[in-house]
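Below is one structure, written out as C-alpha cells, with a few remarks after it.
Sequence lines set the chain letters: A, B, ... in the order given, protein chains first and strands last, and positions in each chain run from 1.
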Number of protein chains: 2
Amino acid sequence: MIQYILLGFLNYQPMTGYDLKRTLDHSTGHFWHAYHSQIYTTLRQMEKDGLVASQFVMGEGQPDRRTYTITEQGRVHLTEWLSHPLTEATSIKEELLVRLFFSGQRSNESILAELTVQREIHQQKISEYRKMRVEMEEQAKNLPLPSLKRDSVFWMATLKMGTRYEEAYLEWLNETIQTIQEL
Amino acid sequence: MIQYILLGFLNYQPMTGYDLKRTLDHSTGHFWHAYHSQIYTTLRQMEKDGLVASQFVMGEGQPDRRTYTITEQGRVHLTEWLSHPLTEATSIKEELLVRLFFSGQRSNESILAELTVQREIHQQKISEYRKMRVEMEEQAKNLPLPSLKRDSVFWMATLKMGTRYEEAYLEWLNETIQTIQEL
DNA sequence: CAGTCCATGTAAGTAGTTACATGATTGC
DNA sequence: GCAATCATGTAACTACTTACATGGACTG
C-alpha cells in the first residue's frame, strides 16, 4: 500500500524521501502511517522496478538529497491500481477493543483509567483535525494550481472521515465509561 | 497481538486451533482478524514459550484434534499485559481513504461506483452487528456461568463500537457520494 | 552547548498474508 | 458425485516496526 501512496504524492511533484515522510505525516496521517525506514527502502525498490527515478544532489552546506521523480511506468501503475475498485471492507485492528474484550478480570478502576486516557487522546485528535480542516479550507481558496481544486475535494473528504471516526470513538468511550461506572 | 487474543480465549476454556479460529471470526471479527495459518503457528510458538500446553487426540471417525490449555505462566502473561494500559491511539489503515485521496484524475462515475459498492458492504456489516447484538443479549440472559456476566458487558461494549464505526462510515459514504454527485 | 530540524540509510526482527498440502465426514 | 464443514499443518513471501548509525546547520 505504501508504494501507491508514494506514487500518488510523486505524481504531484518530485520529492525526497524526507519530504514524503513529512507529507505523509501531515496529510495522510489520519488514515495511513509509515516509518522513514519503510519509505526509504520502498523508494529504492520502486526505482529498481522502474516506477520512479532518482537523482542525488550533494548539498553544499545543506544535507545531501535524493530526489525521486515518477516515471511514465509509475503513472500507469498508479492509474491501473486506481481503476480496480475495492470490493471489500478494510479490516480493522483495534488494540483497545482487544483489551476491553478480555477485561472481565480487571478492576473497574483499572479499566476506567485506561479509557479516560484514551478519551483525552481522541479528544486531542479531534481538535487536531478541526485545525487541519480550517487550514485546508484556507489553502483551497488560493491554490497554486487550479487543477488541484478537484483533488482538494477528496483530501477534504478523507479528513472528514477521520473526524467522524474520532467523534464516534469519543462518543463510544463516554458511553462505555458511564456503563462501567454504573456496574 | 494475536497471542493475547488466543490466551484470552484459552483463559475461558481449552480449545483447538480450529475452535479458536471460529471463535475469533464470530466474536472478535469486528476488531481483529487472523488466518488459520497464523493461529496454528502462534499456538506452537506459545507452547514452546510455556504459555499454553497441548494434547493431541486421535479422532476415531472424526479428524484428529490438538487441544490447547492455558498454563499458569500463560495466565500471568495475560494479566500482566492487561495491567499495562494503552497510552496511544491505535493507528488506522484505511485503503479506501488512500484511494479516494489520490482520486483527482478519476472520473466521478468510477469513484461513485466504488463508493456505492462500499456502501452496500458497510450496510451489510451494520445488519450483521445488529443480529449479533440481539443474539448476545439473548445469551447474556441465560449464561452457563454467572461469572461471565461481567465479561459479557465488555463483549457488548466492543460490539457497540463496531456498530458505531460502521454507522459513522455509512454516514460519511452517503455524504461523500452526495458531494461528488454535485461536482 | 543542548535540542531540534534536515537528511539518508541499513539490519534485524515481528506480524500478517497467500499459497500449498492433505483427508475424512455430512448433507443435498 | 459435489460442496461444505471439520481439522491441522508448512513454506514463502510481503509488510511493518524497532533499533542502530551518521553528521551538519540552526536556535535559544
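- Nucleotide C:dA15 holds its P atom 11 Å from the NZ atom of A:Lys93, rounded to whole Å.
- With respect to B:Glu137 and B:Arg133, a salt bridge is recorded, a charged nitrogen being found less than 4.0 Å from a carboxylate O.
- Summarising the geometry, the separation between CG on B:Asp64 and P on D:dT8 is reported as 8 Å, rounded to the nearest angstrom.
- Axis angle across the helix from C:dC1-D:dG28 to C:dC28-D:dG1, with five pairs used at each end and values rounded to 10°: 40°.
- In the set C:dA7, D:dC16, C:dG16, the nucleotide with an atom closest to the side chain of B:Trp32 is C:dG16.
- Listed pair B:Arg66 / D:dT8 fails the phosphate criterion, with no side-chain N or O lying under 4.0 Å from OP1 or OP2.
- Rounded to whole angstrom, the span from the CD atom of A:Gln38 across to the C1' atom of C:dA12 amounts to 15 Å.
- Below 30°, between 30° and 60°, or above 60°: for B:Tyr4 and B:His77 the angle between ring planes is below 30°, a parallel geometry.
- The separation between B:Leu43 atom CG and D:dT8 atom C1' is 11 Å, rounded to whole Å.
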Checklist entry - Would B:Arg130 and B:Ile126 satisfy side chain to side chain contact (heavy atoms under 4.5 Å, CB included), going step by step from the backbone distance to the final call? => result CA-CA 6 Å; B:Arg130 293 229 170 102; B:Ile126 289 178; 3.5 Å; yes

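- The side chain of A:Arg22 contributes an N or O atom lying less than 4.0 Å from OP1 or OP2 of C:dC6.
- Atom NZ in A:Lys21 sits about 16 Å away from atom P in C:dG9, given to the nearest Å.
- For B:Arg44 and D:dG9, the shortest distance from a side-chain N or O to OP1 or OP2 is below 4.0 Å.
- Closest approach to the B:Arg65 side chain among D:dT8, C:dT8, C:dT17 is made by D:dT8 (side chain taken as heavy atoms from C-beta onward).
- In this structure, the CE atom of A:Met46 is 14 Å from the P atom of C:dG9, given to the nearest Å.
- Aromatic ring orientation, A:Phe9 versus B:Phe101: perpendicular (interplanar angle above 60°, classes split at 30° and 60°).
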Item to check | Worked verdict on A:Trp81 versus B:Arg99 for side chain to side chain contact (heavy atoms under 4.5 Å, CB included) | outcome: CA-CA 9 Å; A:Trp81 175 67; B:Arg99 295 175 59 79; 3.3 Å; yes

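- Rounded to whole Å, the distance from CD1 on B:Ile39 to P on D:dT10 is 15 Å.
- Residue B:Ser37 places a side-chain atom within donor-acceptor reach of the base of C:dT18, judged by atom type and a 3.5 Å distance cut-off alone.
- A sub-4.0 Å separation between OP1 or OP2 of D:dC6 and a side-chain N or O of B:Tyr18 is present.
- A tilted orientation is assigned to the rings of A:Tyr12 and B:Phe102, their planes being inclined by 30° to 60°.
- Heavy-atom nearest nucleotides on DNA chain D were determined for A:Ile2 and for B:Gly17, and the one closer to the 5' end corresponds to B:Gly17.
- Between A:Tyr40 and C:dT8, a side-chain N or O to OP1/OP2 separation shorter than 4.0 Å is present.
- Between B:His36 atom NE2 and C:dG16 atom P the separation is 16 Å, expressed in whole Å.
- Ion pairing between a basic and an acidic side chain is recognised when a charged N comes within 4.0 Å of a carboxylate O; A:Arg22 and A:Asp19 show such pairing.
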